[in-house]
Structures are given as C-alpha cells and as structure tokens.
Amino acid sequence: MARLEYRLLDEEKDYPVLYYYDGIDKDEISLRFACDYLVKGHVVFEKTSCATEPGCYVIYVRYSAGEQAVDYVDTAAARWGSTQIELREYKEGTNVYPLIHTYSFKDDDDVLLLLQSDYITLNGREWEKTSAEVDEDRRVYVYYARPSA
C-alpha cells in the first residue's frame with residue numbers, strides 16, 4: 001500500500017495538495033497514472049504529469065478549462081468486485097459522449113492494458129483513443145475514442 005496525492009500545478013502556491021489517498025493499492029495508482037483526466041466533486045482536472053517521490057506518488061493537475069463534468073443517465077450499475085471502463089464516443093464540439101460499451105474486469109492488469117491502448121476493437125469496429133479519465137463521482141474509468149475508419 002502506498003500514498004497518492006493529486007497536486008495543483010501552481011508553482012506560486014507551492015503545488016498545494018488537492019486530494020490524497022493513504023493506503024492505496026499500487027495497481028490503482030498505475031490506473032490513475034494512465035488517465036488524462038480526473039473528475040471529482042463535479043470538477044474536471046487535467047493531468048499535466050506524474051511523479052514518484054520517497055513514500056509518495058504524485059499526479060499534478062490543473063483545472064480543465066474546456067471540459068465540464070456530465071451526469072450521464074446511461075451509466076451501467078456498478079458490479080461488485082469488478083472495475084468498469086465505459087467506452088464513450090468522442091465527438092468534437094459537444095460535451096455529451098454516447099456510451100458504446102461497458103467493460104467489467106476483475107483484474108487490474110486487464111484494466112491498465114485497455115486504458116493504455118491507443119486502439120481497441122469492439123464487434124469488428126476499431127476505435128482510436130482520444131483520452132481516458134477516472135470519474136470518482138460515478139466510480140468508473142472512461143475511455144474516450146472515435147471510430148478509426
């Protein structure tokens with residue numbers, strides 16, 4: 001178990017800690033390192049970088065100017081003992097992204113491999129990743145993608 005901190009990328013304020021997690025599993029830290037965005041408290045943060053410090057892992061974030069949290073109606077119910085990833089279609093000029101599929105995994109390694117993939121294939125159709133996020137408000141990871149062909 002380890003410590004994870006989300007720090008605001010603000011040198012003038014000495015990088016204040018926004019959120020911290022003590023006793024967090026290193027697999028979950030790896031999953032969060034693989035995400036471009038964090039949604040928490042209905043606020044969207046954009047990851048700028050990640051760091052490893054003695055006794056602590058750090059994700060530096062800034063407030064995302066162009067993104068806003070969305071309360072999706074079409075969210076799958078959480079399944080006990082699994083981690084979920086929503087595949088949502090990214091479309092320019094909108095902030096509502098249609099749900100294409102929900103993956104449920106029991107193994108964090110499988111979650112990490114999907115989040116780090118630039119392309120995934122679902123039902124014979126290839127999708128190209130645009131970004132990934134951890135949405136703490138809804139307790140789900142989100143893989144944003146557009147059809148590649």
Asker: Report the residue from Trp127, Tyr97, Tyr90 that forms a ring pair (Phe, Tyr, Trp, His ring centres under 6.0 Å) with Tyr144.
Answerer: Tyr97
Asker: Ion pair present between Arg88 and Glu133, side-chain N to carboxylate O less than 4.0 angstrom?
Answerer: no
Asker: Are Val142 and Val44 connected in the hydrophobic side-chain network, where two residues link if heavy atoms are under 4.5 Å apart?
Answerer: no
Asker: Side chains of Glu126 and Ser148: do they bring a donor and an acceptor to under 3.5 Å?
Answerer: yes
Asker: For residues Ile29 and Tyr57, report the shortest heavy-atom separation together with the two atoms involved.
Answerer: CD1-CD1, 3.6 Å
Asker: Under 4.5 Å between any side-chain heavy atoms of Asp108 and Glu28, yes or no?
Answerer: no
Asker: List the atom of Met1, the atom of Gly23, and the distance in Å for their closest heavy-atom pair.
Answerer: CE-O, 2.7 Å
Asker: Could you tell me whether Asp118 and Lys129 make a salt bridge, using a distance below 4.0 angstrom between a side-chain N and a carboxylate O?
Answerer: no
Asker: Indicate yes or no for a side-chain donor-acceptor contact from Asp36 to the backbone of Ala132 under 3.5 Å, with no hydrogens or angles considered.
Answerer: yes
Asker: Parallel under 30°, tilted from 30 to 60°, perpendicular over 60°: which one fits the rings of Tyr103 and His101?
Answerer: perpendicular
Asker: Quick one: do Leu38 and Val58 end up in the same hydrophobic cluster if we chain Ile, Leu, Val, Met, Phe, Trp and Tyr together by side-chain heavy atoms under 4.5 Å apart?
Answerer: no
Asker: Search all heavy atoms of Arg62 against all heavy atoms of Leu8 and return the closest pair with its distance.
Answerer: CA-CD1, 4.1 Å
Asker: How many angstroms lie between CG in Leu99 and CG in Leu87, if you round to the nearest 0.5 Å?
Answerer: 7.5 Å
Asker: Kindly check if the number of other-residue, nucleotide or ligand heavy atoms within 6.0 Å of CD (Glu11) is above 12?
Answerer: no
Asker: Report the distance from atom OG of Ser64 to atom OH of Tyr37, rounding to the nearest 0.5 Å.
Answerer: 5.0 Å
Asker: Please round to the nearest 0.5 Å and tell me the distance separating atom OH of Tyr60 and atom CG of Asp10.
Answerer: 12.0 Å
Asker: Decide yes or no for Cys35 and Lys47: does some side-chain heavy atom of the first lie under 4.5 Å from some side-chain heavy atom of the second?
Answerer: no
Asker: Enter the distance from Ile59:CD1 to Leu18:CG here, rounded to the nearest 0.5 Å.
Answerer: 11.5 Å
Asker: Would you call the rings of Tyr63 and Phe45 parallel, tilted or perpendicular, where under 30° means parallel and over 60° means perpendicular?
Answerer: tilted
Asker: Can you tell me how far apart CD1 (Ile100) and CG (Leu122) are? Round to the nearest 0.5 Å.
Answerer: 8.5 Å
Asker: Can you confirm whether Val134 sits close enough to Leu31 that some side-chain heavy atom of one is under 4.5 Å from a side-chain heavy atom of the other?
Answerer: no
Asker: Would you give the length of the straight line joining atom CG of Leu4 to atom CG of Asp25, rounded to the nearest 0.5 angstrom?
Answerer: 11.5 Å
Asker: Side-chain heavy atoms nearer than 4.5 Å, only ILVMFWY residues, links allowed to pass through others: does that put Phe33 and Val111 together?
Answerer: yes
Asker: Test your reading of the model: is there a side-chain donor-acceptor pair from Asp135 to the backbone of Val140, 3.5 Å cut-off?
Answerer: no
Asker: Kindly determine whether Leu112 and Asp27 satisfy side chain to side chain contact (heavy atoms under 4.5 Å, CB included), including the steps that lead there.
Answerer: CA-CA 8 Å; Leu112 185 58; Asp27 286 345; over 6 Å; no
Asker: May I ask you to establish whether Arg32 and Tyr6 are in a cation-pi arrangement, using a distance under 6.0 Å from NZ or CZ to the six-membered ring centre and at most 45° from the ring axis?
Answerer: no
